[in-house]
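A short worksheet on the structure shown next.
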Number of protein chains: 2
Amino acid sequence: MAGADQPNYSETGGPAIYAEDGSIRADYLDQVTAAIAAGNAETLGEVTAPLHESEMGDLLATLEPAERQELVALLGESFDYSALTEVDEAIRLEIITVLPNEQIALALQELESDDAVYILEDMDESEQADILARIPFTERIRLRRSLDYPEESAGRRMQADFVAVPPYWNVGQTIDYLRDNADLPERFSQIFVIDPTFRLVGAVDLDRILREQRDGRIEEIMRETRHAVPAEMDQEEAAQIFERYDLLSAAVVDENERLVGVLTIDDVVDVINEEAQEDILRLGGVGDEELSDSVVETTKSRFTWLLVNLGTAVLASVVIGLFDATIQQMVALAVLMPIVASMGGNAGTQTMTVTVRALATKDLDIYNAGRIIRRELMVGVLNGALFALLIGVVATVWFSTIGLGFVIAIAMIINMVSAALAGIFVPLILDRLGVDPAIASSVFVTTVTDVVGFFAFLGLAALWFGI
Amino acid sequence: MAGADQPNYSETGGPAIYAEDGSIRADYLDQVTAAIAAGNAETLGEVTAPLHESEMGDLLATLEPAERQELVALLGESFDYSALTEVDEAIRLEIITVLPNEQIALALQELESDDAVYILEDMDESEQADILARIPFTERIRLRRSLDYPEESAGRRMQADFVAVPPYWNVGQTIDYLRDNADLPERFSQIFVIDPTFRLVGAVDLDRILREQRDGRIEEIMRETRHAVPAEMDQEEAAQIFERYDLLSAAVVDENERLVGVLTIDDVVDVINEEAQEDILRLGGVGDEELSDSVVETTKSRFTWLLVNLGTAVLASVVIGLFDATIQQMVALAVLMPIVASMGGNAGTQTMTVTVRALATKDLDIYNAGRIIRRELMVGVLNGALFALLIGVVATVWFSTIGLGFVIAIAMIINMVSAALAGIFVPLILDRLGVDPAIASSVFVTTVTDVVGFFAFLGLAALWFGI
């Protein structure tokens with residue numbers, strides 16, 4: 001979560017604190033916990049000094065809650081608060097809650113503005129206000145402005161420090177300004193060009209400046225900033241612009257096209273990861289869960305999904321109930337019926353997964369939808385026919401009833417085709433309705449495959465055997 | 001897939017070719033297809049000239065196969081081949097197959113080396129060799145070297161052009177060198193420092209050079225390159241280093257620590273996306289499928305997964321078959337049994353999804369595994385109890401048999417707890433065995449929940465009712 005203004009590499013020659021499997025090395029962890037247990041601030045400081053903020057974040061996540069708080073207390077001013085941007089929200093809040101606001105305010109002033117906003121945005125309003133009141137005016141205004149933008153917007157994620165020069169300067173003036181100005185952002189990769197009212201007129205990459213003679217004029221070497229990001233834009237949309245145009249950083253502008261900050265690729269990488277994570281969890285029937293959530297939170301967040309599933313499972317049972325007389329006559333039907341439903345469910349999930357991803361990556365549109373639908377139908381028919389043959393033979397041999405083999409084979413084809421149709425149309429329709437297909441598709445798809453599966457198999461059996 | 005050496009922004013003021021939903025605007029597409037149909041190279045050139053390579057990629061994906069080939073043929077030398085790095089492999093090969101090798105060789109020389117390698121690596125060996133033979137020596141050696149590294153390694157993804165200076169130069173010399181040298185990479189954000197044998201000794205970011213006086217010595221302002229990436233390293237591992245340390249670019253070194261290239265964040269973003277995509281598809285029971293795959297390819301790739309599922313479904317049926325006499329006595333059991341299995345399957349999928357993700361992001365390790373296992377078990381017990389109560393009441397009312405309510409309630413608790421255990425231990429064990437948990441977990445988890453669900457419910461019923 002650190003800005004691009006952080007050093008490109010960890011500049012310290014710290015120890016390799018990770019074991020082969022990516023966890024913190026046991027002997028390193030022992031050193032840290034021993035120093036915490038002994039209340040030895042000096043040793044703790046020496047042991048943790050070489051850590052990159054993300055290494056410190058991993059260390060915090062590995063420690064017990066009480067140890068985390070003691071570590072921060074022991075390190076005092078030498079604790080790098082940007083490490084808090086690298087841990088789960090639950091851990092962050094747990095650490096911050098025990099710190100006095102005065103200390104948090106001091107710490108935030110040391111951070112880049114995007115990291116400070118990241119820490120502030122999770123706090124409740126009164127605490128946030130109290131901490132902001134303790135921060136000097138200029139920096140406070142800057143943080144306030146970011147916090148005023150909507151959650152998960154480009155304005156929230158941007159870095160408010162940047163370098164900007166007027167278009168009539170030349171390269172020499174610009175280099176001299178950079179050499180003499182101590183108050184530059186920690187890291188920057190482009191210089192923005194603005195007019196006197198702070199409106200963005202262009203940008204120059206640093207390599208362009210370095211190639212140019214000293215008398216080259218900025219307005220002649222600057223390029224258009226076609227992909228400036230409005231501060232109100234959702235971070236996911238901004239991430240898509242970065243991906244599409246291979247941007248390393250982009251100007252963030254307010255509603256009057258005035259430059260207010262810069263969004264950098266490393267923040268965008270975090271957004272991309274968060275969005276992919278969200279899709280995976282949603283497809284698995286899990287909401288916005290974190291590994292550090294409590295039992296009660298986790299139970300609650302999963303309950304809703306399971307309740308919906310209970311409803312659809314009962315619906316499938318009602319369908320089975322329609323044929324109770326048939327089942328009583330021929331118990332083999334009860335034995336075989338889950339196979340038809342299960343195969344349909346899996347085939348439907350396959351098609352649905354592909355559709356949901358294609359929608360998320362915008363690879364599925366009105367031009368290829370027809371082709372994709374035809375392909376999925378054909379795949380459903382082909383795999384349906386293959387598995388109809390397989391299961392037909394198995395059922396015939398198992399129960400020595402050739403009729404049963406025919407019935408299950410036909411039911412299999414019907415359900416595999418329904419699975420393909422449900423797998424593609426459910427996400428498409430949800431997307432059209434403005435509902436995230438990742439969150440709701442799988443329950444509808446499996447409802448279709450369960451209901452169709454049981455109904456086709458038991459209904460055909462009732463007809464075939466006349467019971 | 002373009003290197004960071006591509007312009008940060010599309011420098012042309014091209015039209016907005018996308019509609020609201022992210023697809024290509026219909027009227028723009030009409031212009032393009034009309035020009036192709038008329039064989040009008042001039043109009044086609046004008047209409048497509050302002051496109052960024054990724055926009056051209058989207059356009060190609062939207063066109064029909066024949067139109068794609070005609071577009072490339074009509075544009076001739078003015079076609080930007082880097083657009084081929086933005087489309088699916090199937091589309092890329094389809095376009096390349098019809099082009100003469102001579103033309104491909106010329107086109108590749110215009111590209112950055114990482115883009116050229118990206119296009120070359122999918123070709124069959126004889127064609128690759130023929131094209132390489134037509135490329136001038138220096139550039140050929142460079143491409144050959146990348147291609148000699150394993151697939152999906154850092155060496156394959158790296159850009160072979162970089163700027164390197166000796167440590168004894170000063171800032172002024174470096175800037176003069178950059179000003180006078182026409183043969184620099186298109187874009188760069190850091191300068192590497194090497195000894196006479198090309199061994200990497202450090203790096204300097206461009207902003208650091210711009211802040212420094214002309215007489216500042218490079219070796220004094222350079223920083224250690226702690227996170228140089230070995231060329232043999234898997235791209236996913238390299239991506240994790242970028243993420244962990246918020247890198248924008250990293251030196252790629254060979255086995256003798258000699259600098260051979262530079263890996264940039266935009267390539268890493270592609271890797272991150274590919275890996276997330278892979279996890280999502282694998283969890284959905286789909287292999288490395290692309291939207292442009294044919295019906296036969298798709299059917300084949302999904303068949304294996306469905307076949308495994310058929311095996312586990314038959315296994316569950318065998319379990320049901322053990323109780324056929326019980327079911328014949330009480331058909332209500334057949335009606336209710338899918339509910340227990342389905343709820344277990346969903347709860348198991350939830351736990352499994354969280355576990356698989358935590359393993360992929362390395363958030364789950366030996367330190368918190370115990371805590372996570374306890375949490376999942378508690379969640380299983382709690383949700384199990386809640387749904388046991390719910391379904392117990394439903395079953396009792398539905399079939400007016402209080403015993404049935406008790407039996408299904410107890411079976412529900414047993415299966416929800418089994419689901420939690422399977423959901424966490426199956427991925428953990430697969431991971432320990434070196435198998436990707438995303439690819440195989442879900443089949444094992446649902447096998448457990450099906451078998452346990454049917455066995456617990458039908459077995460308890462047989463005991464309770466003595467049938």
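So that the names make sense, note that chain A is the first sequence line, chain B the second, and so on, each numbered from 1.
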Tell me, for [X] versus chain B, whether the close heavy atoms (under 4.5 Å) come from the side chain, the backbone, both or neither.
| X | value |
| --- | --- |
| A:Arg214 | both |
| A:Asp58 | side chain |
| A:Phe454 | side chain |
| A:Phe303 | both |
| A:Glu243 | side chain |
| A:Arg371 | side chain |
| A:Ala360 | neither |

For [X] and [Y], does a side-chain donor sit closer than 3.5 Å to a side-chain acceptor?
| X | Y | result |
| --- | --- | --- |
| A:Arg223 | A:Gln190 | yes |
| B:Glu55 | A:Tyr245 | yes |
| A:Thr349 | A:Asn346 | no |

Residue selection (most heavy-atom pairs with chain B, distance under 4.5 Å) from [options]:
| options | result |
| --- | --- |
| A:Thr174, A:Thr353, A:Leu210, A:Asp324 | A:Leu210 |
| A:Ile372, A:Val318, A:Asp207, A:Val335 | A:Asp207 |
| A:Val319, A:Val443, A:Leu184, A:Leu336 | A:Leu184 |
| A:Leu281, A:Leu283, A:Ile391 | A:Leu281 |
| A:Arg244, A:Met378, A:Arg208 | A:Arg244 |
| A:Leu390, A:Asp88, A:Leu178 | A:Leu178 |

Minimum heavy-atom separation for [X] and [Y], please, with both atom names.
| X | Y | result |
| --- | --- | --- |
| B:Gln350 | A:Trp305 | NE2-CD1, 3.0 Å |
| A:Leu306 | B:Ala347 | CD2-N, 3.7 Å |
| B:Leu310 | A:Phe387 | CD2-CD2, 3.9 Å |

Completion exercise
By salt bridge (Lys or Arg N to Asp or Glu O under 4.0 Å), B:Asp279 pairs with (sequence neighbours left out) B:Arg357
What residue, out of [options], has the most heavy-atom pairs lying under 4.5 Å from chain A?
| options | value |
| --- | --- |
| B:Val269, B:Thr446, B:Val268, B:Val356 | B:Val269 |
| B:Asn368, B:Val394, B:Asp450, B:Leu307 | B:Leu307 |
| B:Leu386, B:Ile272, B:Asn273 | B:Asn273 |
| B:Leu29, B:Ile191, B:Val295, B:Val286 | B:Val295 |
| B:Leu63, B:Val296, B:Ile320, B:Val163 | B:Ile320 |
| B:Thr62, B:Asp431, B:Leu206, B:Asn383 | B:Asn383 |

Handout entry: SB check B:Glu376 A:Arg302 (cutoff 4.0 Å)
Key = yes
Handout entry: Salt bridge present between B:Asp293 and A:Arg375 (N-O < 4.0 angstrom)
Key = no
Handout entry: Side-chain touch B:Arg211/A:Arg179, heavy atoms, less than 4.5 angstrom
Key = no
Handout entry: Check against side chain to side chain contact (heavy atoms under 4.5 Å, CB included), A:Leu333 and A:Gln328
Key = CA-CA 9 Å; A:Leu333 298 178; A:Gln328 194 146 29; over 6 Å; no
Exercise for the section: To the nearest 0.5 angstrom, please state how far the CD1 atom of A:Ile265 sits from the OG atom of A:Ser249. Expected result: 9.0 Å
